[in-house]
Trainee: 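Here it is: the structure, laid out below.
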Amino acid sequence: MFKNTIISEFFTTINFSVYLETVWFLSYKLPFIRYWNSTLELENELLSYIWNTDSKIISFYNARSAIYHVLKIIGVKESDEIIVSWYNCVSVSNAVIQSWAKIVYSDINETNLWLDIASLEKNISKNTKAIIVQHTFWKPAFIKEIVLLAKEKNILVIEDCAHSLWSILDWKMLWSFGDFSIFSTGRDKVISWVTGGFLIINNKAYFDKIELVKSLQIMPSRTLTLQNLLYNISAYKSYKVYDFFSIWKIIIYLSRKGKFITEILSQNEKKCNFRDFNYKLPNSLAFLAKKQLQKIDEITHHRIKLSDYYDKELNNEYFKPLFTKMINEENNYFRYPILVKTVELKEELYNYMKNNNVLLWSTWSKTNIVPFWTNIDDAKYITWTCSVAENISKRILTLPNHTLITLENADKIIKLLNNFKK
Ligand SMILES: Cc1ncc(COP(=O)(O)O)c(C=O)c1O
C-alpha cells in the first residue's frame, strides 16, 4: 500500500498550484473558460521568452494542428513530398498525411537520434517540398547541415521543437534555424498546460498567410475546454493516491469512461485518419500557460541537476546514456534516455526496476512510431526501410528527472541501475 513508487511518466500540470488554479477556473471563472483574453498575451510572452522579435506566431489547440496548417500555408499539393524522421509520434504522421502531401520517412543517426544526413540526401527528390526536423528528447538535430542542404535544393525547413523549448545550439535557440518552427505544450512536454501548440513563421515570404489561418480557426466547445481543465484535477488526484490500493486506476478509468478528460491521441489518429485541426487555444488554458511559462527555468534547472547526476554516477556495462553533452549546446534535458545493449535486456531492466518500485518511461521504447498500437500501414511506413530507427527505438528507456523526483530518489535509481545484472 505504501510502496512510494517513483513514476517517470509525468506531466508538469501535475502540481498543487496548477490544481488550485484549475479549481479556481472551474468555480469562479466557469462562464469565461473560453473567452478570457489571455491567448494574445501568451503569444507575445512566448515570443519574448524565446528572444524572438522578428517572427509571427499563431497558437493552436495542439502542435499537430500547427504542423497541418504550416503545410497548408506553404501550399502543398498531392505530388509534393514531406520528409519526416522515422522515430516520431503518429500525430506528426497523421498531420502530414491529412495535408495530402506524400509522407517520406527518413532514418535516424545511430548515436544521437538525429535525422541522418546520408539517409536524408537519399530521400530528397525533385518533389520534396519540406523537411520536418525534430530535435528528439532535447538533442539538437544536425540542423545547420540540413538548412544548408535544403537551401541548396530550394526546400523549406520546419523545426519541430516539441521537445526542445529552452535549448540552444551555437548560441542560437532551437526554432531560429528553420523557415518555420513548432512548439507543443501538450501534457507530456517541456512545460504543459494540458494541450497547446504554436507555429512560429520565420520566413517573411509567408507572413501574409497568418490572417487566412486565423480566419479558419474556431474556439473549441465548452465541453472540450472543460475536459482539458478536468484533466488537471483527475491527474493530480490519481498521482497523489498512486500507492493507495488501486484508487488511481479507478479515478482514471472513471474519468475516461465518463469522458471527463481528453485522450492524448484519438482512435482516428492511430489510423492516421484524424482531421480536426482548426481549433484555437482556449483562453483558460492560455491563462494557465502563462503561469507555466514563468516556471520554465525552475523546471528545467531541476531536470538539468538530476541529469548531470545521472551522467556522473551511471555505471553499468549493459547500458549507457544515449546522448553526450556538447560544449556548443545548452539543453533542457526534457528526457534522460539510456540505450540498453539488447531488446531482451531492456525488458529485463524495465521489469527489475518495476519490481523495485521505479517505473521507467517506456512510451517511446516499443516501436519507432509511437504509441505502439499505431497502425504502421496507415502511417504509410514500409517495414525496415528505416532500420536504424527500428532497431534503436526498441532499446531505449528513459530515467525520471521531473520536478517531483528528489536527489534521494535519483540516488536510489542509480544504485538500482548500477547493481543490475543479467
Ligand atoms: C516530436 C513531436 N512533435 C509534435 C508532437 C505533437 O504535439 P501535440 O501533442 O501538441 O499535438 C508530438 C507529440 O507527442 C511530438 O512528440
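Keep in mind that this is a model prediction, so the values were computed, not measured. Note that ligands are numbered from 1 as they come in the structure, with each ligand's atoms numbered from 1 the same way.
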Trainee: Compare every heavy atom of Phe207 with every heavy atom of Ser55, then report the nearest pair and how far apart it is.
Mentor: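 That closest heavy-atom pairing would be CA-CZ, 4.1 Å.
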Trainee: Heavy atoms only: give me the nearest Ile155-Asp179 pair and the separation to one decimal.
Mentor: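 The pair with the smallest heavy-atom distance is O-OD2, 4.4 Å.
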Trainee: Considering all heavy atoms of both residues, which atom of Val340 and which atom of Phe319 are nearest to each other, and what is their separation?
Mentor: CA-CB, 3.8 Å
Trainee: Can any side-chain N or O of Ser365 pair as donor or acceptor with the backbone N or O of Ile396 at less than 3.5 Å?
Mentor: yes
Trainee: Taking the six-membered ring where the residue is Trp, are the ring centres of His69 and Phe60 under 6.0 Å apart?
Mentor: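 Aromatic pair counts; centres sit under 6.0 Å.
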Trainee: Apply side-chain hydrogen bond (donor to acceptor under 3.5 Å, both in side chains) to Asp276 and list each qualifying residue two or more places apart in sequence or on a separate chain.
Mentor: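 Here no residue qualifies.
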Trainee: If the criterion is any heavy atom closer than 4.0 Å to an atom of ligand 1, which residues make the list?
Mentor: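 Residues near ligand 1: Asn62, Ala63, Arg64, Cys89, Ser91, Val92, Gln134, Asp160, Ala162, His163, Ser184, Lys189, Gly196, Trp364.
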